[in-house]
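Beneath this line is the structure, given in structure tokens, with notes to follow.
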Number of protein chains: 2
Amino acid sequence: MKLINKNVDYAARALLVMSKTGGVFISARDIAAAQKIPYHFLRRVLQPLIKNGIVASVEGTKGGFKLLVDPAKLSILKLISIYNGKFQLSECMFRGKPCSNRRTCVLRKEVVKIENDFAERLGKLTISKLLQK
Amino acid sequence: MKLINKNVDYAARALLVMSKTGGVFISARDIAAAQKIPYHFLRRVLQPLIKNGIVASVEGTKGGFKLLVDPAKLSILKLISIYNGKFQLSECMFRGKPCSNRRTCVLRKEVVKIENDFAERLGKLTISKLLQK
DNA sequence: TTTAACTGACACTATTGTAGTATCAGTTAA
DNA sequence: TTAACTGATACTACAATAGTGTCAGTTAAA
Ligand code: FES
Ligand code: FES
């Protein structure tokens, strides 16, 4: 079971770099060098962050990326949801097979509760927490 | 993000069937039919359960499988660990890259805590809970 | 003693997900 | 005009997941 894949990993590290450079635009090449991330991979990783309004970009020479949001409000959960879709560990454990009624299923209720708690806590793991040291 | 794969899913359903038949041996063919699980797949899924002392099997005609342990003590977590190895969502989130010291890393401490709580709760999701209705 | 129903152990295919690389078009500062 | 950049997308390689098939050995029963 892997929760953090390279997409999320590299995105978090790129955002970490950006949160340090503040409002200045930094190029993908420089981010890649700073974190030893494969350049082309990083460029692909950055696109969804733009689409989600997390970073801004400018093209051309001296172009690059900068953070648009507060790192204290940017969670690992958010990144996971961007790259891996909605975070949910199991839509329904047995897809209606042994469970006659989804609404009354004991197991399902419990799983949903655990999932929610888990997601809530992952939502509190923010980029800014990585800087606290 | 998927936590429950077919191995765990089918295993749990097979164990559910066995927990109903009690001490009587039931064949893989009958389990597969009862739960609409692909027969050959199920046969492969059952082997690790034997290795882990969860079920017993007898060969030959009228052979089959039966449960060896208390369904109330058989958790989803146990099944996950059997098929997917030790349950851990992220060994280390950034593998020493932005984190200067693993021992003091705030993020890592928090992730470990969340993981532990999560595993503990998954450990309470037992096969017998599926029967409670 | 032969047969049919079974498990044990693998080998095999197909599909999908993950990681990484490459290319080309368009943009902008110098 | 050129060099450094982004946007978009296509491509390869590898691993994980899901499912199928086969053959050897075991056992109850005809
Ligand atoms: S696990 Fe899905 S309804 Fe019970
Ligand atoms: S996340 Fe691994 S040491 Fe910080």
Side-chain angles (χ1 to χ4, degrees), chain A residues 1-14 18 21 24-33 35-66 68 79-80 82-87 89-90 95, chain B residues 1-14 18 21 24-66 68 79-80 82-85 89-90 95 97:
Chain A
M1 260 293 303
K2 213 165 44 167
L3 181 63
I4 308 291
N5 58 17
K6 292 293 183 188
N7 282 327
V8 176
D9 185 339
Y10 293 161
R13 282 152 73 169
M18 287 184 242
T21 56
V24 182
F25 283 90
I26 179 171
S27 72
R29 197 167 298 277
D30 287 348
I31 297 174
Q35 289 286 336
K36 295 197 178 63
I37 300 170
Y39 170 68
H40 285 100
F41 198 144
L42 175 64
R43 299 233 296 129
R44 199 181 47 190
V45 163
L46 290 172
Q47 294 307 313
L49 297 180
I50 300 172
K51 302 282 189 293
N52 284 271
I54 290 169
V55 303
S57 67
V58 286
E59 296 182 37
T61 311
K62 300 279 172 187
F65 303 83
K66 77 168 184 186
L68 280 183
L79 296 181
I80 291 172
I82 287 175
Y83 296 101
N84 305 356
K86 187 172 173 306
F87 178 73
L89 295 172
S90 67
R95 278 143 258 164
Chain B
M1 264 294 303
K2 213 167 40 170
L3 179 64
I4 309 289
N5 58 18
K6 293 293 182 185
N7 281 328
V8 177
D9 184 340
Y10 293 160
R13 282 151 73 171
M18 287 183 242
T21 56
V24 182
F25 284 90
I26 178 171
S27 71
R29 199 168 297 276
D30 286 348
I31 296 174
Q35 288 288 334
K36 294 198 179 63
I37 299 171
Y39 171 69
H40 285 100
F41 199 144
L42 175 64
R43 297 233 297 134
R44 198 180 48 191
V45 163
L46 289 172
Q47 294 307 313
L49 296 180
I50 299 171
K51 301 283 189 294
N52 283 271
I54 290 168
V55 303
S57 68
V58 286
E59 297 181 37
T61 311
K62 300 278 173 187
F65 304 83
K66 77 168 184 186
L68 280 183
L79 296 181
I80 291 173
I82 287 175
Y83 297 101
N84 306 354
L89 294 171
S90 68
R95 278 143 260 165
K97 209 84 271 288

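The sequence lines fix the lettering, A, B, ..., with proteins before strands; numbering per chain opens at 1.
When the P atom of dG17(C) is taken as reference, atom NZ of K6(B) falls 14 Å away, rounded to whole Å. Whole-Å rounding puts the L42(A) CG to dA19(C) C1' distance at 14 Å. The nearest whole Å value for the distance from the CD1 atom in I31(A) to the C1' atom in dA4(D) is 15 Å. Atom C1' of nucleotide dT17(D) and atom CG of N7(B) are separated by 8 Å, given to the nearest angstrom. In this structure, F25(A) places its CZ atom 13 Å from C1' of dT28(C), rounding to the nearest Å. Between F41(B) atom CZ and dT7(C) atom P there is a gap of 17 Å when expressed in whole angstrom units. The distance from atom CG of N5(B) to atom P of dG19(D) is 11 Å, rounded to the nearest whole Å. Rounded to an integer number of Å, the gap from CG of N84(B) to C1' of dA16(D) is 10 Å.
For dT6(D), the OP1/OP2 oxygens have no side-chain nitrogen or oxygen of Q47(A) closer than 4.0 Å. For dG19(D), the OP1/OP2 oxygens have a side-chain nitrogen or oxygen of Y10(B) closer than 4.0 Å. In terms of phosphate contacts, K51(B) brings a side-chain nitrogen or oxygen within less than 4.0 Å of OP1 or OP2 of dA9(C).
Of all heavy-atom pairs between I31(B) and M18(B), the closest is CD1-CE, 4.0 Å. Closest of all the heavy-atom pairs between K66(B) and V24(B) is CB-O, 3.9 Å.
Checked against dA19(C), dT7(C), dA4(C), the side chain of T61(B) finds its nearest nucleotide in dA4(C). Here the nucleotide nearest the side chain of E59(A), chosen from dT21(C), dG19(D), dT27(C), is dT27(C). If you check dA18(D), dT23(C), dT7(C) against the side chain of H40(A), the one that comes closest is dT23(C). Side-chain proximity of S27(A) to the nucleotides dT6(D), dA19(C), dT7(C) is greatest for dT6(D).
Using a 4.0 Å heavy-atom cutoff across all strands shown, I50(A) reaches sugar-phosphate atoms only and no base atom. Among the atoms of the strands shown, base atoms are found under 4.0 Å from some heavy atom of R43(B). Contacts of Y39(A) with the nucleic acid, taken as non-hydrogen atoms under 4.0 Å apart, include base atoms.
The nucleotide dT1(D) finds its pairing partner in dA30(C), both defining distances of the Watson-Crick or G-U wobble pair being shorter than 3.5 Å.
Side-chain N or O atoms of N5(B) include one that pairs as donor or acceptor with a backbone N or O of V8(B) at under 3.5 Å. Under the 3.5 Å distance criterion, the side-chain polar atoms of Y83(A) are matched with a main-chain donor or acceptor of V45(A).
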- Do F25(B) and K62(B) pass the side-chain contact (heavy atoms from CB on, under 4.5 Å) test, and can you show the C-alpha distance, the side-chain angles, and the key distance before you say yes or no? CA-CA 8 Å; F25(B) 284 90; K62(B) 300 278 173 187; over 6 Å; no
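Atom CG of L79(A) and atom CG of D9(A) lie 10.5 Å apart (nearest 0.5 Å).
Residue R44(A) is the one, among K62(A) and R44(A), whose nearest nucleotide of DNA chain C lies closer to the 5' end (criterion: closest heavy atom). Both V58(A) and S57(B) lie close to DNA chain C; mapped to their nearest nucleotides by heavy-atom distance, the more 5′-ward contact belongs to S57(B).
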